[in-house]
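Reminder, nothing fancy here: chain letters follow the sequence lines and each chain counts from 1.
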Amino acid sequence: MKIVVFVKVTPDTAATVKVDDSGNVTWGDAPLVLNPWDEYAVEAALQTKEAHGGSVTVVSMGDESALEAIRRALAMGCNDAIRIDDPALAEDDTLSTAKVLAAAVQKIGDVDMVFFGRQAIDGDTGLTPAQTARLLGWPYVGLVAAFRELDADGGTFTAERAIEEGRQVVASKLPAVVSVAKDYGEPRYPSFMGIRKAARAKVPVWSLADLGIEAPAVKVRLTQLMNPPKREVQCEFIEGETPEEIAEKLADKILAEKVL
Amino acid sequence: MDFALTEEHKMVQEMVRKFANEAIPIIREYDRKHEPAPLLPRMAELGILGVGIPVKYGGQGLDYISLGLVCEELEYADSTLRVVMAVHMGLCAQTIFHWGTEEQKQKFLVPLAKGEKIGCGAFTEPGHGSDFAHIQMTGRREGDYYILNGEKMWISLATLADYAIVTVRTNPEAEKPHRGLSTFIVDLHSPGIKRGDIKGKLGVRAGSTGWIAFQDVKVPVENRLGEEGEGFKITMTAFDRGRYTVAAGAVGLIRAALDASVNYATERKTFGVPIGQHQLIKQKIARMARDYEMGKLLYLKAGWQMNEGIRATRMTSMAKWFATEAAFQAAHDAVQIHGAYGFSDEYDVERFFRNGRGSIIYEGSSEIHTLIQADYALGYRRDKPLRIELPPYDPEEWQ
Ligand SMILES: Cc1cc2nc3c(=O)[nH]c(=O)nc-3n(C[C@H](O)[C@H](O)[C@H](O)COP(=O)(O)OP(=O)(O)OC[C@H]3O[C@@H](n4cnc5c(N)ncnc54)[C@H](O)[C@@H]3O)c2cc1C
Ligand SMILES: Cc1cc2nc3c(=O)[nH]c(=O)nc-3n(C[C@H](O)[C@H](O)[C@H](O)COP(=O)(O)OP(=O)(O)OC[C@H]3O[C@@H](n4cnc5c(N)ncnc54)[C@H](O)[C@@H]3O)c2cc1C
């Protein structure tokens, strides 16, 4: 199987992200990492390759900082990597990104499956996977928690989706785009062999010209960014002699405040 | 001069940091129980037990600097994790890598570097630590075997290891006592070996430290490392490797003490301000920050020397001496900054303090390193070329 996994570089989850005085998002000197949700996508892509043969290509659109994410994915076991970068991509939204990514899938050619993480922890939209699928004209199965069957030759698979109500089982044709949920299972550690390979890897850069497309029009513009207003929180400890008494007082409070 | 770590180094660091974070809750539990934490299988699985050995000998092909970085990350979590690298890798695997024949490397080094077998270094005896040249344990040649008798004490991983590098007296008549020693690779599952863990230790409570008793243990001649009578020299080079890991680990302990102290000092308030704003607290934090950088520069220089094939005995001794004393000071100050809470195992700093105490004693006590450094400076001591030098790091060769 020919598998592509798309990844994005994001600030570390431990970083304190805020909007500075000039209206830009900053995260101090916190490191950039592979988007944590994408780790699950890489894991799922690698497991699919291990079960059905083939190769996994990791692709990221972004400036040189995207190499942080790409190297991590290579160290986990991806076979090769491509970075997409072009000065014309300075401004983007999810749809314009999806157009670039779809073009990359076309250029790679003969791709059977495309993996995404469920969303990026910075923008947090979760839109790009579905948009990419739509542009390719391929089925989209979001929030995959497990694959039940995958018939690479017959071109079909069945997956369990982790949705709010529980699990939903979906059958689909290949090629397809999937996004992977946390329920898929813990992503593997990068191996030292993988690290050595990733550290030395020369990652080819594709421009828009290489993809044969113009810079896609951007439809969504961020007009202003601001920090969320500080909320005044009052904390009250409910005390009592016995757990029963505390529970009773708490229940009264909840009813009085119309929480329930 | 380039102070930057390579991309490879940074990724190794990041990976081991992740493992160390995963290990911390387990360490806390086992340190309290005073039992070895069951983390060796995970370390083996992740390849950590093969850092510092070329791929062709079962290792990960990562250089000596990587080994130091790994030790720093491991001891950031707990000294016992770094102790594993000190003895399994430093004292055992790398000593075989340095001195072993090709057959010995294939037979012993490959499974060690793959983490299928665990190694340790058994040198200290109940009656002899610093005064190593006078050890008592004997090895008597009988045909194709040596018969080992005696006891080793304070041996890290004593009860968990499969192989030990053991130095014993093979020639009681040698003119100078240190010339009568020889070193062996001993399979610890051999008949005649008894071993156990020492209880009631001040620190490294989540790790194994024990004794190994040998009664008429038959060791084949082909397990002798180097020549007969070369045991003292071989053991000293084993210490070079062990000390390097201890130095790098101690730097990790300083960082752990610093991070814990900074967290606490910015949150705890006395007299209306965070205690970090009191000058006397600043002094302690400043010292930790300084010593972290200094210790790191020292061990990285030693790592660079080994990579380049430059003898690192002097540098590793200096790095070990400085970093372990600085780490204990940092842990001591971290406890102080935490006030009464530092006196409780609710916070990690009391564990840092207990663990940090041991490193000033083992792998050459501070007194011994003081003497070594003085003797180098005074010209009383000089490194003579060895019959076999430690192989330098060669990116092509090691892959
Ligand atoms: C946790 C732990 C793990 C260990 N792991 C291992 C291991 O894996 N393998 C192993 O072989 N050993 C190990 N050891 C033993 C360690 O190497 C010895 O404890 C160390 O070498 C000191 O020897 P000693 O304890 O016999 O002290 P001694 O040599 O008896 O020294 C006692 C004191 O006298 C001082 N002293 C000695 N000679 C001089 C001198 N000439 N001038 C000034 N002062 C001097 C010492 O510095 C020390 O303060 C371990 C010890 C500990 C605590
Ligand atoms: C074993 C034990 C037994 C105890 N027994 C008793 C007891 O019987 N009765 C009792 O009442 N208490 C007892 N205590 C509590 C003890 O008195 C306090 O721990 C001590 O007063 C320090 O207070 P703290 O722990 O709140 O630290 P903090 O006051 O929070 O201090 C934290 C750190 O900041 C430093 N610091 C604070 N202010 C300044 C400043 N202005 N400038 C520079 N540095 C500053 C402190 O020196 C310390 O290093 C006991 C503590 C222990 C560990």
Side-chain angles (χ1 to χ4, degrees), chain A residues 7 9-16 28-40 42-43 46-47 50 58 60 62-78 80-81 83 182 185-203 205, chain B residues 4-23 39 41-71 73-74 85 89 113-115 259 262-263 266 393-399:
Chain A
V7 301
V9 73
T10 60
D12 194 9
T13 37
T16 324
D29 47 12
L32 287 168
V33 299
L34 170 60
N35 170 36
W37 297 117
D38 294 347
E39 285 192 34
Y40 296 92
V42 173
E43 179 61 38
L46 292 173
Q47 282 192 28
E50 283 153 8
V58 54
S60 186
D63 59 18
E64 286 207 349
S65 68
L67 285 171
E68 294 290 334
I70 289 176
R71 282 201 206 97
R72 177 63 176 259
L74 283 172
M76 286 171 77
C78 292
D80 45 27
R83 183 166 69 86
K182 192 175 180 209
E186 271 306 295
R188 70 195 62 191
Y189 274 56
S191 70
F192 288 124
M193 300 285 179
I195 287 175
R196 289 207 333 260
K197 194 184 119 189
R200 288 167 176 70
K202 297 256 181 303
V203 178
V205 181
Chain B
L5 293 176
T6 64
E7 213 45 62
E8 182 172 301
H9 290 143
K10 284 190 266 185
M11 290 178 83
V12 166
Q13 224 173 13
E14 193 191 327
M15 190 272 229
V16 179
R17 191 168 294 176
K18 188 170 148 117
F19 163 73
N21 272 327
E22 193 188 286
L39 287 163
R42 184 76 174 133
M43 291 175 81
E45 182 193 8
L46 294 176
I48 295 174
L49 299 182
V51 174
I53 298 292
V55 172
K56 70 170 171 181
Y57 294 126
Q60 298 294 342
L62 295 168
D63 66 350
Y64 296 102
I65 286 180
S66 299
L67 175 59
L69 296 170
V70 166
C71 290
E73 294 307 324
L74 290 177
M85 298 311 284
M89 181 49 57
K114 284 186 172 165
D259 285 357
V262 166
N263 269 339
T266 44
Y393 171 67
D394 178 335
E396 300 304 315
E397 242 324 87
W398 283 45
Q399 296 314 302

Undergrad: More than 12 heavy atoms of other residues, nucleotides or ligands under 6.0 Å from NZ of A:Lys197: is that the case?
TA: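 Result for NZ/A:Lys197: enclosed.
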
Undergrad: Non-hydrogen atoms of chain B under 4.5 Å away: do they reach the side chain of A:Arg188, the backbone, both or neither?
TA: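 For A:Arg188, no heavy atom lies under 4.5 Å from chain B.
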
Undergrad: Identify the two heavy atoms, one from A:Arg71 and one from B:Met11, that lie closest to each other, and give their separation to 0.1 Å.
TA: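 Reported closest heavy-atom pair: O-CE, 3.3 Å.
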
Undergrad: If every non-hydrogen atom of A:Phe192 is compared with every non-hydrogen atom of B:Gln60, which pair is closest and at what distance?
TA: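 Heavy atoms only, the tightest pair is CB-OE1, 3.4 Å.
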
Undergrad: Measuring heavy-atom distances to chain A, does B:Glu45 have an atom under 4.5 Å in its side chain, in its backbone, in both, or in neither?
TA: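 B:Glu45 has no heavy atom closer than 4.5 Å to chain A.
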
Undergrad: Of the non-hydrogen atoms in B:Arg42 and A:Tyr189, which two are nearest, and what is the gap between them?
TA: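 Heavy atoms of B:Arg42 and A:Tyr189 come nearest at NH2-CE1, 3.1 Å.
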
Undergrad: Quick check on salt bridge (charged side-chain N to carboxylate O under 4.0 Å, His left out): which of B:Glu8, B:Glu7, B:Glu396 does A:Arg200 satisfy it with?
TA: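 The passing option is B:Glu8.
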
Undergrad: Around atom CD of A:Glu64, are there more than 12 heavy atoms from other residues, nucleotides or ligands closer than 6.0 Å?
TA: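 Count not over threshold, so no.
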
